[in-house]
Amino acid sequence: MAKGMVLIDEDRCKGCGLCVTVCPQHILRLAEDRFNTKGYRPVEVVAPEACTGCALCATICPDVVFTVYRRKRPPQPAAVAA
Amino acid sequence: MAKGMVLIDEDRCKGCGLCVTVCPQHILRLAEDRFNTKGYRPVEVVAPEACTGCALCATICPDVVFTVYRRKRPPQPAAVAA
Amino acid sequence: MAKELLEGNAAIAEAAIRAGLEAYFGYPITPQTEVLEHLARRLPEEGRVFLQAESEVASINMVYGAACAGARVMTSSSSPGISLMQEGLSYIACSEVPAVVINIMRGGPGLGNVAPSQGDYFQAVKMAGHGDFHPIVLAPGNIQEAIDLVVLAFDLAEKYRTIAMVVADGSLGQMMEPAELPPMRPVRPPAERPPWALTGARGRQPNIITSLYLEPEVLEEVNLRLQAKLQEIAANEVRWKEYSSEDADLLLVAFGTVGRVCQTAVREARRQGLKVGLLRPITLWPFPSARLAELAGQVRGMLVVEMNAGQMVEDVRLAVEGRCPVRFYGRLGGIIPLPDEILPELERLDKEC
Amino acid sequence: MAKELLEGNAAIAEAAIRAGLEAYFGYPITPQTEVLEHLARRLPEEGRVFLQAESEVASINMVYGAACAGARVMTSSSSPGISLMQEGLSYIACSEVPAVVINIMRGGPGLGNVAPSQGDYFQAVKMAGHGDFHPIVLAPGNIQEAIDLVVLAFDLAEKYRTIAMVVADGSLGQMMEPAELPPMRPVRPPAERPPWALTGARGRQPNIITSLYLEPEVLEEVNLRLQAKLQEIAANEVRWKEYSSEDADLLLVAFGTVGRVCQTAVREARRQGLKVGLLRPITLWPFPSARLAELAGQVRGMLVVEMNAGQMVEDVRLAVEGRCPVRFYGRLGGIIPLPDEILPELERLDKEC
Amino acid sequence: MQEEIIISGFGGQGALFSGQLLAFAAMDSGFHVTWIPSYGPEMRGGKARCTVVISDQEIGSPLVRRPSAAIVLNIPSMEAFEPAVKPGGVLVVNSSLVPQRSERTDIRVFHIPASDIATELGNIRLANVVCLGTLVQAIGVVPLEAVEQALDNHLPERHRKLLGANKAALRRGAALVGG
Amino acid sequence: MQEEIIISGFGGQGALFSGQLLAFAAMDSGFHVTWIPSYGPEMRGGKARCTVVISDQEIGSPLVRRPSAAIVLNIPSMEAFEPAVKPGGVLVVNSSLVPQRSERTDIRVFHIPASDIATELGNIRLANVVCLGTLVQAIGVVPLEAVEQALDNHLPERHRKLLGANKAALRRGAALVGG
Amino acid sequence: MVTVEIPADMELVYKRPQSLTETHTHYCPGCTHGIIHRLIAEVIDELGIRERTIGIAPVGCSVLAYYYFNMDFAEAAHGRAPAMATGIKRVSPDRVVFTYQGDGDLAAIGTAEIIQAANRGELFTTIFVNNAIYGMTGGQMAPTTLPGQVTTSSPTGRDVETAGFPMKMAELLAVLPGAAYVTRQAVFDPRGIHRTRAAIKLAFQTQLAELGFSLVEVLSTCNTNWHMGVVEALEWAKKHMVAYYPLGDTKVSDGVRALMETR
Amino acid sequence: MVTVEIPADMELVYKRPQSLTETHTHYCPGCTHGIIHRLIAEVIDELGIRERTIGIAPVGCSVLAYYYFNMDFAEAAHGRAPAMATGIKRVSPDRVVFTYQGDGDLAAIGTAEIIQAANRGELFTTIFVNNAIYGMTGGQMAPTTLPGQVTTSSPTGRDVETAGFPMKMAELLAVLPGAAYVTRQAVFDPRGIHRTRAAIKLAFQTQLAELGFSLVEVLSTCNTNWHMGVVEALEWAKKHMVAYYPLGDTKVSDGVRALMETR
Ligand SMILES: Cc1ncc(C[n+]2csc(CCOP(=O)(O)OP(=O)(O)O)c2C)c(N)n1
Ligand SMILES: Cc1ncc(C[n+]2csc(CCOP(=O)(O)OP(=O)(O)O)c2C)c(N)n1
Ligand code: SF4
Ligand code: SF4
Ligand code: SF4
Ligand code: SF4
Ligand code: SF4
Ligand code: SF4
Ligand SMILES: [Mg+2]
Ligand SMILES: [Mg+2]
């Protein structure tokens, strides 16, 4: 089960490829088969299950294409105060 | 015999008194009895014989009132090179 | 309030305060520095904003900013400084924010001198910098009028969201004459700033103030709106004064200081049997063209007197359209024409028309 | 030299080089940046001075300096940038040093847009900043004329020691058409700079260039000299072109890009049986008033077409003085009026006059 | 004689350049000519079009509302200029990118799959030159050779290697005009 | 009724201030009044003069070339305004500083040793007030008391201690006008 | 419309800030202006000041910023944003004011206005986007263009002999006592972006605490006018711009230091 | 006319420099503008460059400097002398060009022009007369007016909260690589005057050696608008101005240092 998940606002994407270069999971690429309404090849997620929700893609994207989710950490036993 | 001598271009003087304050010989003062063509009380030399030709008056005068002369030093025996 | 003997520049400054001026941004320049100096003292006293800007370019852009924020704001300067404000004025014109500008004109061109002049008539009435715009231009002839017109300038600037410029010369700025200041208007509290102002988009859509319209079609619409506004102003806000014009068969036309000098010329001419009248435009833009056109049917000729090489005379000619001769007499370089120079010109006009 | 297909802005820049331009100071602004870019490349190639200034205020004052030193110098900009030059222009005017200024006008007011416009007509012809002065204003209608007028601008600026301004719009700046560049003039060597120039007071009295004249009487004299010069220019340098005006009973008046559009309108109107002519002013100042006054006796009416809200039309009305109706048609915001809009206006003029 | 040609597409399709080619050709053929671009208000990309006027007399307006001929390289251009072409005029449509067909019968319309032909010739960006070939052949004012000459003289250095392809494109376009 | 008074001297002689006094007095007496200074072009010092117009109707020009009355405090002022005073007018000359005498018979001339009188009163700078007293008395439009009142109200704080001396100067000047 | 199910155990870690409108920007693909816009918007969201913030757009590629920021905005004349901001802030001292300016705007034509505003200690914040070029007008030399860098107005590369050395505005402004916080950051990689965001936040906090003028110089790219690919531009900038323009704070007033420490 | 016999054994140690005209200045009595004029003239005489020097007067009390210097001169628009000097020098590189500017002129309205000229390393020299006030227009606050100093536009004293701190131009300009020699001197006593003269000489030499931009800030007085006696003004300036504006070089480039060493 994926640790993270991104939503892509495809029509905002200008296909600049910046997110592709920073995704540590190498799961982003520019679509090769289609254009978005702006005429760019939009980004797409190749392997959603590998997404960690690290949000580096969102950090660098100049066009605020990504919304990023991360799985909540299961409630951990509270650390004992030292 | 005076070591120095100043000429005063009286009509340039604005009576600001700066020269009076810097003359180390205290031989300058503003005329008390007359105005120059500009309507100022011009500077005058009280004791010309005390002038050393140090040119401090000329150094500070904003209106280039002074021309300064200094007595040539009598030819000194040439110092023997060490 | 009783009349006091007031100096022109100080009266202008104090009138602005009474009119509710919230902020002043300006830069010293003779012969208007007393406006700035009066405000430097009085505005902080009143808890309002006085700021000496680094330049006239900065002044006008500070005015632009404060006006965008919805504050009553003003700057003042003299000819070279006003030239430096041309770009800013054009932005303000297109952005439709209200601003009051005082120009106490001096001898030009260039650095010229600080003597009284009307050399910036064209610059004031024909444009606000580049593009198609006319600020409202008010030209007081005496100190009471200067006071009243400063107050009016704020009201007109706000009513039409436009630039209202008061033009005078150093002689008005430095003379003294009895006049009455208006009562102090309460300053508009920040909470009551106009709805279009930049006050923070709390509970409403953001306000944007810009003069950029990339699409020619859109910019044309903006311009048509500006032009419609100008027409509305032209229809409603023309102001002038007439002296002995009812039965006049010769008409003097002059504004500001020269206007009042011409009042004397009228009296003296009448004493000599010449039926001279005077029209003194108070708004230079909009110009009292219709009334002049009317008078062109009544009088045999007009004499326009200015402290420049002939600027307003063009607007008179445009109004008159050849229906009567329009002559010009002017003095340059900061010289005020006096009645005894104007009289011979009137006699000549009388003979030749 | 044979004709080449030239882009307007580059042609203007190259023409300046051929005319002996020694130094250019300017700041980028659309739609004239290609002038600057062309010169950035070519002037250093020719061993001459290119400097990108920090602003238009700096540009015009660098021009002022280089002109004082007796060099052939120029700047170029577009509307907002020209507004920023107003103070400097006024100094140059009063100092009587020659300078060439190019204004490739854009839509205004304010930031407006970069589309073609003629909104700065008043600013160009009525003044150079504050004070009483008119620069020589040249308005090319096509690229060949742009080239020729740039060369002429340098010659007139030097002949009269004045500002020569070439005004056009972005469509002329960006269009291409065949034209011939003049041969390369040799650059005047520094040793041959004019006698009034600041070149170092070697073996002569110092030269002083100033625009400050504290005494009103002296400044008045300076102004009278300036006015006399302007009159001389007005007498000698009026230029315009006429098309089919000999037998015209309706006259179009338009300058620059609109002027050439009107050439087409004339042809089409004639095809429809309207006897339309066209007068295209080439010098906007001095204005071909006398010729228009003459034509006012011949035609039934005039239609002035501009890319603004009606500016040159005032000068036409001033020339015509009511002797025939003068109508106006204008487009704003960067829109070029086309023949098919002008024709109905002509038809209306035909019916109503 | 006066031809007023509008070439319209979006930025990067080469509308401006093919207009310049036509202008050069017209000039070299002894005509008066004007070329004038108009960009959209967008800072980057967006529409790009130019108007070329070719005449045997001095040219007045370099802009026209109703061209005598037009090349439309994309859908918005089709919408703008298909209705505008003067009766008797010529319309060249890059049918690879513009699906709709002109219904007009008072003009000569050429729907040509220019992008496909260009791709076939090895570079999709040659579509504009294909269309230009068609237009030049159709209006017949300027000889095709003059356009080839213009290519020889003015193809930018960095595209020099595509000179042959450009000429081929031009000829392919021209060949689509039936005798 | 209209009186046009020029008061002229060099900077520091108080020409501007005495004009203002007159203006205040005229205003308080119910007249229309204008006061207008003119400085020389020199940045500092140099000539200082003002024109005061007092009228029972709205005032047109605040400047006049030919005053109905004048006070001249130094030689250049004498040269400028002695010939200018209108026939029937009044000229007050500070004879302490202006040696020449007016020959005019069509005006009333008062040569008064104002600086000497002022020195006598303890402050040479009161010469202008002495002259003002003479002028006010001579033209008779404004009562002397109104000028005294103006002194009471408008003498700058830092000169407050000279109020008495000012009034005395005024009266001394006035007394020089023969019945 | 596609509806996406978000699993219940997923939490939102990044979403479009409220301080941006929905409008798509006109910037070139990969232009860092977009990143900087976003960072400002995030900070304004975080500080909860959107409804009392007034922004000022420059003349430059970001001239249309007012369409992208979801708050009151004005468009200044070229270089004059600091004067305009001064006007606004002085009459609205309880509002938050910021200018967004390019290097042509701030370091050329607007030199006097930024220096004087900083010197007066005006209580607004400036985000200064240094992309070493005039983007909007098509790639002319800026005061910040690197030595030897080719632009359309320095076709053989910036010649420091005639054009001078690139201006280090963060260092210059730091000299002025009125400037409370001045820093230089870069948005060339996620780390730099995070730091830039922190700097922008501190700048706004400086304003909120009325400590003086604050400015964040952000090294940026202009791939279009540099004639580079998007990624190549970032690499070039990292290598060449950062070498000339050292990153980090050039001015931290005592007040700001105290602020930093309480965070 | 009085003829004075000069004894034969007297030698001339001070005479009016040839680079001054005979014209009397319009400056107030004791105004230090006069001293500074004289020093410039002496240096120009000494360097023998009068006939190839072009000076530029500002708008300010020294607006009429062209009447006093015996050489080609131009009068600039307020603050724009550096732009004008740039124009002149660029087209006349073998001439010596200097601007003479007041603090309102250089540090307020002319901020952009001086900074950009310095940054470009323009090969002219600026003599910057800092008298902490706008002299010509009658004593308004300048960017250099001291904290608390009363002027007509800061009637209750300069309030650094609203007007900022006085600008230290010599320090600010020193940051720019194009500036080769920047120094601050004072003409409050003969020693200071001698030092100022030496600095002015070095500045012109910097220009002659084409080492970059050179500027001498000269602390000065304006007794008239400070409302002080002439001597009192000097004392006040020595005490208060020098405390705020430290004297000495703020920038000496390597080239200039070499020049200093060869002297
Ligand atoms: C007075 C004036 N001069 C020039 C321009 C033209 N102009 C528009 S943007 C710009 C420079 C933009 O460069 P920069 O500030 O670096 O912003 P960028 O586009 O690189 O983000 C210029 C010179 C203008 N609009 N107004
Ligand atoms: C554009 C413009 N703005 C303002 C002025 C008015 N002005 C003349 S001199 C001056 C300031 C002079 O001060 P400074 O530069 O310090 O010189 P100083 O007189 O003290 O020597 C000003 C503001 C002007 N002439 N032009
Ligand atoms: S959140 Fe991280 S892992 Fe997921 S797509 Fe974005 S960069 Fe890649
Ligand atoms: S960074 Fe943004 S705009 Fe660029 S490719 Fe990725 S999603 Fe698209
Ligand atoms: S030269 Fe020296 S001693 Fe002689 S008067 Fe001058 S200051 Fe005094
Ligand atoms: S310093 Fe000069 S001006 Fe001043 S009193 Fe002495 S001589 Fe006269
Ligand atoms: S031109 Fe440069 S700065 Fe402008 S949007 Fe494109 S990449 Fe960004
Ligand atoms: S006003 Fe001040 S600076 Fe000007 S001349 Fe007088 S003392 Fe000197
Ligand atoms: Mg940039
Ligand atoms: Mg000063």
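The model shown is predicted, which means the values in this text are computed figures rather than measured ones. By convention in this document, chain letters (A, B, ...) are assigned in the order of the sequence lines, proteins followed by strands, and residues within each chain are numbered from 1.
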Only pairs of heavy atoms separated by less than 4.5 Å count here; which of [options] has the most with chain C?
options	result
D:G81, D:G107, D:G119	D:G119
D:A128, D:P80, D:G88	D:P80
D:A93, D:G322, D:P109, D:C94	D:P109
D:A309, D:G310, D:A124	D:A309
D:Q86, D:E321, D:E220	D:E220
D:N103, D:V114, D:D120	D:D120

With chain D, which of C:G108, C:G112, C:S95 has the greatest number of heavy-atom pairs at distances under 4.5 Å?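 Between C:G108, C:G112, C:S95, the count favours C:G112.
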At what distance, to the nearest 0.5 angstrom, does [atom1] of [X] lie from [atom2] of [Y]?
X	Y	atom1	atom2	answer
C:H130	D:L84	NE2	CG	8.5 Å
D:L219	C:R106	CG	CZ	10.0 Å
D:M307	C:D132	CE	CG	11.5 Å
C:I335	D:N223	CD1	CG	9.5 Å

Considering only heavy atoms, which portion of [X] lies under 4.5 Å from any heavy atom of chain C: side chain, backbone, both, or neither?
X	result
D:R323	neither
D:A115	side chain
D:L226	side chain
D:Q227	side chain
D:L318	both
D:Q118	neither

Less than 4.5 Å to any heavy atom of chain D: does that hold for the side chain of C:S117, its backbone, both, or neither?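 No part of it gets close to chain D.
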Side chain, backbone, both or neither: which part of C:E221 has an atom under 4.5 Å from a heavy atom of chain D?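 No part of it gets close to chain D.
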side-chain contact (heavy atoms from CB on, under 4.5 Å) assessment of D:D315 paired with C:E314: CA-CA 9 Å; D:D315 284 331; C:E314 285 199 2; 4.3 Å; yes
Using only heavy-atom distances, determine whether the side chains of D:N113 and C:E215 contain a donor-acceptor pair under 3.5 Å.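 Note: D:N113 and C:E215 side chains miss the donor-acceptor criterion.
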Check whether any side-chain heavy atom of C:L89 lies under 4.5 Å from a side-chain heavy atom of D:S83, and answer yes or no.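 Answer no - side chains too far apart.
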Nearest heavy-atom neighbours spanning [X] and [Y]:
X	Y	result
D:Q311	C:G131	NE2-O, 4.1 Å
D:G110	C:S90	N-OG, 2.8 Å
D:F122	C:K126	CD1-O, 3.5 Å

Kindly indicate, with the supporting measurements, whether the criterion side-chain contact (heavy atoms from CB on, under 4.5 Å) is fulfilled by C:L224 and D:L332. CA-CA 8 Å; C:L224 292 174; D:L332 293 157; 3.7 Å; yes
